[in-house]
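No hydrogens, no waters, no symmetry mates; every other heavy atom, side chains included, goes into these values.
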Amino acid sequence: MRSNGCGNLRKKHIDSFVQLCGWVDRCRDHGGVIFIDLRDRSGTIQLTVDPDQGPELFAIAENLRNETVLQANGSVKSRPADAINEKLNTGEIEIQVKELIILNKVKGNLPFSVSIHNEEPIKEELRLRHRYLDLRRERMQQNLLLRHNTIKTARAFLEEEGFLEIETPVLTRSTPEGARDYVVPSRVCGGDWFALPQSPQLFKQLLMVGGLERYYQIARCFRDEDLRSDRQPEFTQLDLEISFTSQDEILGLNERLIAAIWQKVKGVNLNLPFKKMTWKEAMDRYGTDRPDTRYGMELIQVNEIFKTSGFKVFSNAISTGGSVKCITVKNGNKSISNVRIKPGGDVFSEAQKGGAGGLAFIRVRENKEIDTIGAIKDNLDPQAKETLLEITGAKTGDLILFGAGETTIVNKSLDRVRQFLAKELSLIPQEQENSQWNFLWVTDFPMFQFNKDENRLEALHHPFCAPNPKDLGNEEEKWNDRLPKARAQAYDLVLNGLELGGGSIRIHNPDLQKQVLKTIGLSSEVVQEQFGFLIDALEMGAPPHGGLAFGLDRIVMLLSSEESIRDTIAFPKNQNARCPMTQAPGNVSTKQLEELHVASTWVDPE
RNA sequence: GGGACCGUAGUUCAACUGGUUAGAGCACCGCCCUGUCACGGCGGAAGUUGCGGGUUCGAACCCCGUCGGUCCCGCCA
């Protein structure tokens, strides 16, 4: 049916007869000669239809509309010297058309224009409702090509490293920890339910117990939680697991994997090894476990200066176990007005979104004079002021912003403010090819964090991460005390403040695994019921193993400079987890429900 | 569950901040045009201003509710 791709033709094809198929991108009808831009996945080329080629052909050309599916047969010709289009890869040539065959017509108005030449912003709802049209556009084609190349490179790399690609079940069982499950009723096993996997975590560990040694998968994962621009109910992980390995080996291998992807897809040579930072250091200096270290404005703890201060907001925060931390905004006096850091201001509300009740500030004026609210100024003696200016490095013209209260909230709100101001003040370096890809391993996460609502410990990553032996020791009788405070052999890969992936060395000792599950409050009955198969497996010769999973959608989002992972997925869901094209999820018949032994309690709110 | 913003022709936007007939570009339809490439020219059709209620002499604009969407918090790695 076709001999070439439209976008692949060049001067070397001149005088050859070609058969092209594609979509009408646009027409220019001059009354005599008619130009048609024909587009397929490879690109666009100009077709030229002359009246002297016959009235039938001309009549077809005259009545074409955009997005008509067209076959064009004709000869490749060079364009007249003054008609060369340098903006087009195929701009030196054109097709002298001998025959046009309409393969399919377009009925009615198109909801939006596909042609890149009419790139008005289109409401995303509309793009998703007619995703097949949206996918025809260059931007989505580029993104999906980039996604394909990313996966292809990962497969080739892992193949070379001795990995096997193995599929794991999509219908599996619900587990207590983590996100809400998508649940599927079983017709055959009445009253029982499958859950869709939140990740292949346990299966990949069991593959290691099964002696497969090196596994990977492009794995679809499901989480029934509320959506964000970087979160979909079904998303894809590049998931891998290795037996007989160490943390360093896993980090090294994954750095090389990432470097291979960036090399192939972006042509960028990353510097290896990536930088490393412990979780504690990240929290102290940046207030987040995924810091953007491309710029400074670090958080500085100033508890010592304010613990005896008469400014109660600060001293109370410290005496109740919290912190006072600050960031120094260079030349902030000029760039950030008081209106913006007081209630109602954009900087203030950014701190508020992080949970802060307020945003205290000090402006440094000439001769180390400070300008702030009276309650702070009156309670800051000269020595304390001197120390503050010294450890913050604040100079004339600088603005110091404070967070005070519970340490987690201080960290969270100052992290937000820091990121917000970095964008506002353009502190993020854009220019150098390599510095815009700031990779960072964050290591030594705690095993657990305290969940206030449920009044219990919960696993920070998941409850299969192995604790650091240095923190745990060998004597089992001390596990009870030591485990809750232990660091995990867990690590995240962070790029420019976004988490790309994470993993850990896993527990392969069944007693330790039981102890960890007990620590997060699971009774031995629940452990037996929900994780019995894992404990059994660990008792039957489980090798030491560990692994990692990357968020593939997010990687592609960064590589394609998109702001939403929806633009990296062919058919994504909207923010209500609905597919605007198919309208899924939808009704099922009463008969289907009966077969599944399920009755709906849903009542339409009237 | 909560907060913010948005919804006007097929589409992207406008409409003096409450004023009478809701405009424009692209797309669409018709006519003209032989070297354009965001082709050009002339003409035309196209609207329940998301929906429901209220305030008002008068509502796209103000108020309440509702539906849909985006971003964020909670939630989620």
Side-chain angles (χ1 to χ4, degrees), chain A residues 25-37 44-52 58 62-63 65-67 77 79-88 90-91 94 106-130 133 177-181 198-199 201 221-233 235 237 289-290 346 349-350 352-355 412-413 416 420 442 445 449 451 453 458-462 465 490 492-494 498-504 549-551 554 563-564 566 574-576 578 580 605-606:
Chain A
D25 192 68
R26 213 168 19 138
C27 301
R28 290 172 297 280
D29 183 348
H30 286 249
V33 66
I34 297 173
F35 301 107
I36 304 159
D37 290 340
T44 305
I45 192 162
Q46 174 166 286
L47 311 179
T48 309
V49 179
D50 278 318
D52 56 19
F58 198 73
E62 267 187 323
N63 290 302
R65 287 180 52 187
N66 293 350
E67 299 312 307
K77 297 291 178 197
R79 291 199 191 187
D82 57 350
I84 286 172
N85 185 351
E86 286 174 4
K87 287 183 259 177
L88 215 57
T90 57
E94 61 190 3
V106 171
K107 190 182 167 191
N109 264 324
L110 289 168
F112 53 85
S113 165
V114 173
S115 171
I116 192 172
H117 301 288
N118 191 355
E119 196 138 315
E120 286 176 324
I122 308 293
K123 286 197 185 68
E124 194 178 10
E125 183 189 359
L126 204 62
R127 291 174 54 204
L128 292 184
R129 192 171 343 135
H130 305 282
L133 259 193
E177 280 283 293
R180 198 176 291 116
D181 286 318
Q198 297 178 21
S199 80
Q201 183 60 35
C221 306
F222 305 86
R223 290 175 191 168
D224 187 6
E225 296 292 349
D226 286 354
L227 278 58
R228 292 284 189 280
S229 53
D230 62 349
R231 261 195 249 158
Q232 280 276 298
F235 61 99
Q237 285 188 345
D289 58 6
R290 44 185 172 86
D346 56 348
S349 59
E350 203 59 33
Q352 220 169 18
K353 281 181 201 161
K412 200 167 180 178
S413 56
R416 285 192 73 108
F420 179 79
V442 176
F445 280 75
Q449 66 188 0
N451 183 324
D453 298 335
E458 63 186 6
L460 199 65
H461 269 82
H462 54 61
C465 298
D492 277 359
L493 182 61
V494 174
L498 292 173
E499 183 199 325
L500 282 196
S504 63
F550 290 109
R554 214 172 273 183
E563 294 199 344
S564 161
R566 290 188 295 269
N574 71 9
Q575 197 164 42
N576 287 323
R578 187 178 282 283
E606 237 11 90

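Counting distance only, with no hydrogens placed and no angle test, the side-chain atoms of A:Arg223 and the base atoms of B:C76 include no donor-acceptor pair under 3.5 Å. Judged by distance alone with a 3.5 Å cut-off, no donor-acceptor contact links the side chain of A:Asn576 to the base of B:G68.
Contact annotation for A:Gly178: backbone-only contact, meaning every heavy-atom pair under 4.0 Å involves sugar-phosphate atoms and none involves a base. Backbone-only contact: A:Pro111 has heavy atoms under 4.0 Å from sugar-phosphate atoms and none from a base. Note on A:Arg127: nothing from the nucleic acid sits closer than 4.0 angstrom, heavy atoms only.
Checking the phosphate oxygens (OP1, OP2) of B:A77, no side-chain nitrogen or oxygen of A:Arg290 falls inside 4.0 Å. Side-chain nitrogen and oxygen atoms of A:Gln575 include at least one within less than 4.0 Å of the OP1 or OP2 phosphate oxygen of B:C71. Residue A:Lys87 places at least one side-chain N or O under 4.0 Å from the OP1 or OP2 atom of B:A38.
Residue A:Asn574 places its side chain closer to B:U70 than to any other of B:C73, B:U70, B:C37. Checking B:U11, B:A77, B:U36 against every side-chain atom of A:Leu126, the shortest atom distance belongs to B:U11. Of the candidate nucleotides B:G35, B:U70, B:C76, B:G35 has the atom nearest to the side chain of A:Gln46. Side-chain proximity of A:Ser229 to the nucleotides B:C71, B:G74, B:C37 is greatest for B:C71. Comparing atom distances between the A:His30 side chain and each of B:G35, B:G69, B:A77 picks out B:G35 as nearest. Closest contact between the side chain of A:Asp226 and the listed nucleotides B:U34, B:C75, B:C37 involves B:C75.
Distance check on atom C1': B:U8 versus B:C61 gives 11 Å, rounded to whole Å. If you take atom P in B:C42 and the same atom in B:C26, they sit 11 Å apart, rounded to whole Å. A distance of about 14 Å separates the P atoms of B:A24 and B:A46, rounded to the whole Å. A distance of about 16 Å separates the C1' atoms of B:U49 and B:C67, rounded to the whole Å.
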Do any N or O atoms of the protein come closer than 3.5 Å to N or O atoms of nucleotides 27-32 of chain B, and which pairs are they?
from: B:C28; atom 1: O4'; to: A:Asn109; atom 2: OD1; distance (Å): 3.3

Enumerate all atom pairs, one protein N or O and one N or O from nucleotides 13-15 of chain B, separated by less than 3.5 Å.
none

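For the residue pair A:Asp25 / A:Ser115, a side-chain donor-acceptor distance below 3.5 Å is found, with atom types taken as modelled.
Under the side-chain hydrogen bond (donor to acceptor under 3.5 Å, both in side chains) criterion, A:Glu94 pairs with A:Gln46, A:Thr48, not counting sequence neighbours.
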